[in-house]
Protein chains: 2
Amino acid sequence: MPAMPAKRSTDQTLTASALNRIRLDIIACRLMPNERLRFEALRKRYGVGVSPLREALMRLEAEGLVQLEQNKGFRVSEVSRENLLDLMQTRIEIESIALRWSLEKGGVEWEANLLGAFHRLSRQTKLDPNKHETINEAWSREHAAFHAALVSACGSETLVLIRQRLFEQAERYVSLSIMSNGPLRDDVGEHKQLMRAALNRDVDRTVELNRLHIGRTTDKVAASLAASRSADIGAALKRKSFK
Amino acid sequence: MPAMPAKRSTDQTLTASALNRIRLDIIACRLMPNERLRFEALRKRYGVGVSPLREALMRLEAEGLVQLEQNKGFRVSEVSRENLLDLMQTRIEIESIALRWSLEKGGVEWEANLLGAFHRLSRQTKLDPNKHETINEAWSREHAAFHAALVSACGSETLVLIRQRLFEQAERYVSLSIMSNGPLRDDVGEHKQLMRAALNRDVDRTVELNRLHIGRTTDKVAASLAASRSADIGAALKRKSFK
DNA sequence: AGTCAATAGATTTTCGAAAATCTGTTGATT
DNA sequence: AATCAACAGATTTTCGAAAATCTATTGACT
C-alpha cells in the first residue's frame with residue numbers, strides 16, 4: 001500500500017515530506033475533520049517515524065488544520081458552521097486589504113502573471129476527466145494559484161501568508177462540500193470578471209466581486225454542511241473516529 | 001544554571017513548556033534575531049531532549065518567530081526595516097477590522113473587562129522598579145492584555161488569533177528597541193484615550209487612535225533599528241551568531 | 001445496582017543513539 | 001595561487017525503545 005517513497009524529490013527531509021502530504025490530505029478531507037491521528041496509523045500511511053510526524057503535526061496545529069490535546073494526541077480540526085462563517089468573513093476582509101494594495105502596486109509583471117494564471121485555470125476542467133464526482137486536482141492547483149496571483153503584488157509578505165492560510169482552511173470546507181453534494185458551480189466567468197476588474201484597477205469592483213465570490217461559496221458549503229450533519233458526520237461517529 | 005524545572009506547573013508536557021519558554025525568550029530578545037538555535041545549547045538551556053525542542057521550533061516557525069533551513073537547523077527570525085514596516089502596516093489593518101467588530105458587538109461584559117484591563121495596566125510602572133533600563137515584565141503582560149481586551153468582543157476567533165501573532169512579532173521589535181535605546185515613551189494617556197473612544201463606541205476615532213499608537217511605536221523602533229545597525233548587529237556578527 | 005480503586009492494555013511523550021547531512025580543512029593537481 | 005576532491009568533526013535528522021500518561025475493565029465495597 002505505501003508504495004510511495006516517504007521522501008519526495010522536492011522535500012529534503014522526512015519532516016517536510018510528511019508535513020506537505022498530511023496538509024494536502026487534510027485539505028482534501030482524505031483525513032476527515034475530527035479524525036484522530038494515531039501515530040501507529042500515520043507511521044504506516046506515510047512511512048516515517050514518530051519524530052517527523054509529531055513535528056509536522058505541531059506545525060499544522062499552528063496553521064489551524066490540526067488540534068492537539070495534551071497527552072491525548074492529535075486530531076484533524078473540527079469543522080462547524082460557526083467556524084466556516086468566521087473563517088470566510090475574516091477571509092473576505094483580509095483579501096479586501098490585499099487586493100486593494102495589490103491593485104495599487106501591481107506592475108506589468110503582475111498583470112502578466114495574472115493573465116497567465118487565468119489562462120492555465122481556464123484550460124482545466126473542474127471535474128476530474130477520469131472519475132466523475134471528484135474535483136480535478138490540477139484545477140484546484142490552478143484555482144489556488146489564480147487567487148494567489150491576484151494579491152501577489154500587495155507588497156506584504158505577512159498579509160500574503162495570512163491569506164494563504166485562510167484560503168487553505170477554506171479549501172477544506174469546499175472539499176467536504178464536494179464529497180457530500182458533488183462539485184460546486186463552474187465559475188470560469190466569475191474568475192474572468194474578477195481578473196478584468198483587477199486589471200482595470202477598479203478596486204471597489206474587484207473587492208466587491210471577491211466578496212460575492214467567497215460569499216457564494218460560503219452559502220453553498222454551509223448548505224451542504226447542514227445537510228450532511230446527520231448523514232456523514234453521524235456515520236463517522238459510529239465508525240468511532242470520534243470519541 | 002538551569003535550576004528551573006523543565007516542566008512548569010501549568011504545562012503538561014515538555015514540548016509545551018519548551019514552546020512557551022522559547023517563545024518568551026525570542027519575544028524578549030533573550031534569544032537574539034538571527035541567532036542560531038543549536039540543539040546542544042537548547043538542551044542545556046531548557047533541560048529537555050531534542051524531540052520536544054524540534055516540535056516547539058516547528059511550531060514557532062509557523063508563528064513566524066523562527067526560521068528553518070532544511071538540514072542546517074533553526075535560527076531566530078531575522079529582523080529588518082522592511083519586515084517591521086510590513087508587520088506594523090498589516091497589524092494596523094487587522095486591528096482596525098477587529099476593533100470595528102468589537103465595538104459593534106461588545107456588551108457589558110466586554111466593557112467591564114476592558115476597564116479592568118486598563119486599571120491593571122495603569123497600576124503597573126513601565127520601568128522595572130529593581131533594575132532600571134529594563135522593561136517591567138508585569139507591565140508587558142498587562143499591556144498585551146489591554147490590547148487583547150479591546151478586540152476580544154469582535155466575535156472572530158480567527159481574527160483574534162491572527163492579531164495575537166502579529167502583536168507578538170511586533171513585541172520582539174519593541175524589545176530590540178528597548179535594548180539599544182532604553183524604554184519607549186510612557187503612554188498611559190494614549191491607552192486611556194483608546195479605551196474611552198472604544199467605550200463610547202466611536203469606531204473611527206478608536207481606529208485612528210490605534211493607528212497612531214502603532215505608528216508612533218513603529219517610528220521609534222525604526223529609528224533605533226537604523227541606529228543599532230552597525231553597533232549591536234555588527235557585534236553579533238563578530239560573535240558569530242551569524243553565518 | 002452503583003461507586004470507586006486497582007489494574008492491564010493502548011497510546012502518547014520523551015530520550016539516547018544511529019544515520020544522514022553539512023562545514024571547514026587538508027592535500028593533491030593544474 | 002587557484003581549484004577541487006577527500007576527509008574529519010560538528011550538527012541535524014531520524015529511529016526504536018523506554019517512560020509517562022490515558023482509557024477501559026474488573027472486582028471490591030456500600
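Note on naming: letters A, B, ... go to the chains in the order of the sequence lines (proteins, then strands), and numbering restarts at 1 for each one.
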Enquirer: Which parts of nucleotides 6-13 of chain C does protein reach within less than 4.0 Å, heavy atoms only, written one letter per nucleotide 5' to 3' as B for base, S for sugar-phosphate only and - for none?
Expert: -----SSS
Enquirer: Can you sort out the partners of A:W139 under ring pair (Phe, Tyr, Trp, His ring centres under 6.0 Å), two or more places apart, ordered by chain and number?
Expert: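 Applying ring pair (Phe, Tyr, Trp, His ring centres under 6.0 Å) to A:W139 gives A:H143.
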Enquirer: What residues form a side chain to side chain donor-acceptor pair (under 3.5 Å) with B:E93, not counting sequence neighbours?
Expert: none
Enquirer: Can you name the side-chain contact (heavy atoms from CB on, under 4.5 Å) partners of B:R43, sequence neighbours left out?
Expert: B:E40, B:V50, B:L53
Enquirer: With sequence neighbours excluded, tell me which residues meet side-chain contact (heavy atoms from CB on, under 4.5 Å) with B:A117.
Expert: B:R120, B:F146, B:A149
Enquirer: For A:L42 and D:dC15, what is the distance between atoms CG and P respectively, to the nearest whole Å?
Expert: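 It works out to 13 Å between those atoms.
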Enquirer: Who pairs with B:W101 by ring pair (Phe, Tyr, Trp, His ring centres under 6.0 Å), at least two apart in sequence or on another chain?
Expert: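 Scan of B:W101 (ring pair (Phe, Tyr, Trp, His ring centres under 6.0 Å), adjacent residues dropped) gives none.
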